[in-house]
Enquirer: 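One structure is given below, represented as structure tokens, and several questions about it will come after.
On a predicted model such as this, the values are computed, not experimentally measured, just so you know.
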Amino acid sequence: MNNPSFNQYIEQSIKDHWDLDALSDYKGETFQYKDIARIIEKLHIIFEYSNVKHGDKIAICGRNCAHWGAVFFATLTYGAVAVPILHEFTPEQIHHIVNHSEAKLLFVGDQVWKELEAEKMPDLEGIICIADYSLLVGRTDKVVYAREHLNQLFGERYPMNFRKHHIDYYKGEDDELAVINYTSGTTSHSKGVMIPYRALWSNLEFAKAALGVHMKAGDHVISMLPMAHMYGMAFEFIYEFCTGCKVYFLTKVPSPQILFAAFAEIKPSIIIAVPLVIEKIIKKAVLPKIQGTTVKMLLKIPVIRQKIKDKICEQLKTAFGGNFYEVIIGGAAFNREIETLLNDIGFNYTVGYGATECAPIITYADWKEFKLGSCGKAAPRMEIKIASDDPQNTVGEILVRGTNVMLGYYKNEQATAETLVDGWYHTGDLGVMDEEGNVYIKGRSKNMLLGANGQNIYPEEIEDLLNNMTLVNESIVIQKGDKLYGLVYPDFDEAHNLGLQDSDLEGVMEQNRIELNAALPSYSKLSGIKIHPEEFKKTPKKSIKRFLYTDVEI
């Protein structure tokens with residue numbers, strides 16, 4: 001094996017930080033590193049009795065919490081493959097991913113379980129509640145026995161008490177599969193990204209090099225992005241656990257009010273966020289302060305302007321807890337106006353770029369070296385090129401290769417062959433790169449949108465469903481703030497044949513919206529449908545020119 005074992009970092013961190021706090025549910029239970037070690041060992045016993053072998057899949061679906069984190073580490077350190085599933089997927093989507101991944105066990109949150117049907121996941125050995133590890137469904141006598149006698153079995157295995165020296169985790173090889181992360185939940189578009197141990201190790205090494213000087217054992221961090229996505233998992237959980245930090249899981253939707261209270265109490269050492277969260281906070285904490293007549297007037301006076309900027313910057317830092325090195329923003333395009341404001345007041349933020357297929361980091365720059373409008377330079381062990389004759393000036397697709405890149409898509413050779421070409425991962429994103437290596441994203445050919453809490457939203461999937469609904473000719477889905485809207489060009493001819501007036505179409509589209517939302521997870525439901533009076537403008541390849549419609553008034 002060329003690189004150190006990723007699981008060895010987990011093992012070493014537990015041993016080094018045995019008596020420190022590790023994972024905590026905000027306003028709830030806290031587990032020390034030694035507690036997590038005991039949970040991991042007990043889960044390993046359940047895995048054994050469930051006939052889980054190295055390479056078998058274990059699915060995890062529920063809200064972020066300490067027990068979720070323990071299951072994830074238990075899975076990898078056993079040598080099984082973790083399949084994190086976003087808890088906001090519909091029941092049908094969750095059933096599909098569990099079956100497609102061939103998971104042997106499913107760990108599920110209370111709220112999710114209420115909506116699921118065990119008989120639709122026939123190959124599972126057992127279904128276990130994340131909250132207390134109780135057995136919800138046991139399909140073999142051995143699984144039932146193991147859960148009912150777990151403490152007894154644990155005591156028999158470690159009769160003289162469980163200690164650090166008992167820990168000896170599965171090591172794994174560089175290219176061995178560690179995680180399958182599904183980029184989407186719909187059956188027609190599900191792509192399980194196969195992430196090897198080397199990619200997890202490389203992202204951990206990147207974080208240690210970038211943030212290690214600024215973070216130490218005992219520091220605090222808030223986990224607010226879904227751990228079922230690589231961005232939150234890698235940089236709000238894995239890195240911090242392997243550093244000896246205390247991770248607080250926000251178990252509620254991170255509204256500005258909840259975040260402000262959590263920041264003030266926890267005082268995190270680093271903040272990982274998606275643009276929408278930062279934009280909401282700026283609008284609450286900064287914009288009201290600078291939009292008043294008096295402040296606007298004072299900002300025009302050179303001597304006073306800098307003092308006001310410094311004060312606003314200080315107040316914003318205080319709103320984030322006042323103890324962080326930098327705010328790292330990623331996951332989607334950042335509002336240019338908000339970014340310019342942060343840059344103008346000297347706020348310590350930076351914007352990174354990544355993809356699930358790179359687990360996730362592709363580019364990054366420390367906030368002191370970060371260039372406005374960019375998303376940093378190639379991360380260590382990663383190489384970037386722009387598919388353009390003039391990469392500095394002419395936009396081209398961003399291609400990357402290196403240690404972070406996935407193995408491919410699970411059971412999808414065609415998609416793998418289309419995306420991994422001659423060792424290069426074709427991101428589907430468009431950009432340029434300056435002579436210093438800073439990457440500037442100019443568009444996203446994949447059209448992915450980002451939900452308020454970090455969920456990936458693929459508009460084409462929603463459009464596929466919408467286009468098949470009553471009197472819909474074609475559609476596009478756009479995002480306004482944290483809400484999604486459908487623009488629909490109706491079938492006017494058919495409507496008139498049915499004796500409907502144009503005014504009747506609004507009622508039809510509202511009914512379409514209700515039916516559509518019933519089939520979608522909560523974060524991708526449409527807030528409204530607007531009728532577009534003419535056919536959408538197309539490219540020569542007959543794709544809708546989306547950029548023409550992003551600013552349509554709703």
Side-chain angles (χ1 to χ4, degrees), residues 210-211 213-215 219-222 224-225 250 254-353 364-377 434 436 438 440-441 450 452-454 479-482 551:
L211 304 172
V213 185
H214 312 290
M215 296 188 71
D219 280 0
H220 296 172
V221 72
I222 297 173
M224 54 181 155
L225 301 177
L250 287 185
S255 67
Q257 291 79 8
I258 289 173
L259 284 174
F260 285 142
F263 287 139
E265 182 181 340
I266 295 167
K267 302 189 184 306
S269 299
I270 198 80
I271 293 167
I272 310 294
V274 293
L276 214 50
V277 169
I278 299 300
E279 288 160 17
K280 280 183 178 178
I281 289 171
I282 299 300
K283 286 170 184 172
K284 286 263 185 185
V286 178
L287 293 184
K289 292 182 171 65
I290 62 176
Q291 287 174 339
T293 308
T294 306
V295 174
K296 281 184 177 178
M297 183 184 71
L298 292 173
L299 282 168
K300 293 177 181 176
I301 305 171
V303 181
I304 300 175
R305 183 190 302 130
Q306 192 56 50
K307 289 183 180 179
I308 292 176
K309 286 182 183 177
D310 291 344
K311 186 174 182 181
I312 291 169
C313 187
E314 202 55 45
Q315 288 176 338
L316 186 56
K317 287 180 179 178
T318 301
F320 282 103
N323 189 48
F324 61 95
Y325 173 67
E326 67 182 4
V327 176
I328 302 175
I329 301 163
F334 195 19
N335 181 293
R336 191 57 189 267
E337 190 178 342
I338 298 290
E339 182 180 357
T340 302
L341 170 64
L342 290 181
N343 187 268
D344 193 38
I345 64 175
F347 187 70
N348 40 334
Y349 81 99
T350 186
V351 178
Y353 167 54
Y364 167 84
D366 184 279
W367 76 275
K368 292 175 181 173
E369 288 133 32
F370 174 72
K371 296 288 177 68
L372 178 67
S374 79
C375 53
K377 302 177 181 178
D434 67 21
E436 295 174 0
N438 293 293
Y440 297 80
I441 295 175
L450 200 76
N453 300 317
Q479 191 172 35
K480 294 286 185 181
D482 59 352
D551 294 323

Enquirer: Measure the spacing between CD of Gln315 and CZ of Phe320 and express it to the nearest 0.5 Å.
Expert: 13.5 Å

Enquirer: Asp434: which residues meet the salt bridge (charged side-chain N to carboxylate O under 4.0 Å, His left out) condition with it, sequence neighbours left out?
Expert: none

Enquirer: Is there a side-chain contact between Ile281 and Phe260 in this structure, where contact means two heavy atoms from C-beta onward sitting under 4.5 Å apart?
Expert: yes

Enquirer: Within the structure provided, determine whether Ile272 and Val221 are in side-chain contact (heavy-atom separation under 4.5 Å).
Expert: no

Enquirer: Distance-only, no hydrogens or angles: does the Glu339 side chain make a donor-acceptor pair with backbone N or O of Leu372 under 3.5 Å?
Expert: no

Enquirer: Looking only at non-hydrogen atoms, find the nearest pair between Gly330 and Pro275 and report the distance.
Expert: O-CD, 3.3 Å

Enquirer: What residues form a salt bridge (charged side-chain N to carboxylate O under 4.0 Å, His left out) with Lys309, not counting sequence neighbours?
Expert: Asp344

Enquirer: Could you give the distance from CG (Asp219) to CD1 (Ile266), rounded to the nearest 0.5 Å?
Expert: 13.0 Å

Enquirer: Where do Glu369 and Lys377 land on the salt bridge (charged side-chain N to carboxylate O under 4.0 Å, His left out) test, with the steps shown first?
Expert: CA-CA 10 Å; Glu369 288 133 32; Lys377 302 177 181 178; over 6 Å; no

Enquirer: Measuring from Ile282:CD1 to Ile345:CD1, what's the distance to the nearest 0.5 Å?
Expert: 6.5 Å

Enquirer: Roughly how far, to the nearest 0.5 Å, is the NZ atom of Lys311 from the CD atom of Gln306?
Expert: 14.5 Å

Enquirer: For the atom pair CD1 (Ile301) and NZ (Lys307), what is the distance rounded to the nearest 0.5 Å?
Expert: 11.5 Å

Enquirer: Quick one: are the ring centres of Tyr353 and Phe370 less than 6.0 Å apart?
Expert: no

Enquirer: Would you mind telling me which of Ile328, Asn343, Ile278 makes a side chain to side chain contact (heavy atoms under 4.5 Å, CB included) with Tyr349?
Expert: Asn343

Enquirer: Mind checking whether Ile270 and His214 have side chains closer than 4.5 Å, heavy atoms only?
Expert: no

Enquirer: Between Tyr325 and Trp367, is a side chain to side chain contact (heavy atoms under 4.5 Å, CB included) present by the stated rule, with each step listed?
Expert: CA-CA 9 Å; Tyr325 173 67; Trp367 76 275; 3.5 Å; yes

Enquirer: I want to check something: taking the side chain as every heavy atom from C-beta on, are Tyr364 and Thr350 in contact at a cut-off of under 4.5 Å?
Expert: yes

Enquirer: So do Lys317 and Asn348 actually touch side chain to side chain, heavy atoms under 4.5 Å?
Expert: yes

Enquirer: Determine whether Ser374 and Val351 make a side-chain contact, defined as any pair of heavy atoms from C-beta on separated by less than 4.5 Å.
Expert: no

Enquirer: Any side-chain heavy atom of Asp482 sitting closer than 4.5 Å to one from Lys280?
Expert: yes

Enquirer: Side-chain contact, heavy-atom cut-off 4.5 Å: Glu279 with Phe334?
Expert: yes

Enquirer: Grab the two heavy atoms, one from Lys267 and one from His220, that are nearest each other, plus how far apart they are.
Expert: O-CB, 4.4 Å

Enquirer: Assess the residue pair Leu342 and Leu316 against the criterion (side chain to side chain contact (heavy atoms under 4.5 Å, CB included)); give the C-alpha distance rounded to whole Å, side-chain angles, the decisive distance to 0.1 Å, and a yes or no.
Expert: CA-CA 10 Å; Leu342 290 181; Leu316 186 56; 3.6 Å; yes

Enquirer: How long is the gap from OG on Ser269 to CD1 on Ile222, to the nearest 0.5 Å?
Expert: 10.5 Å

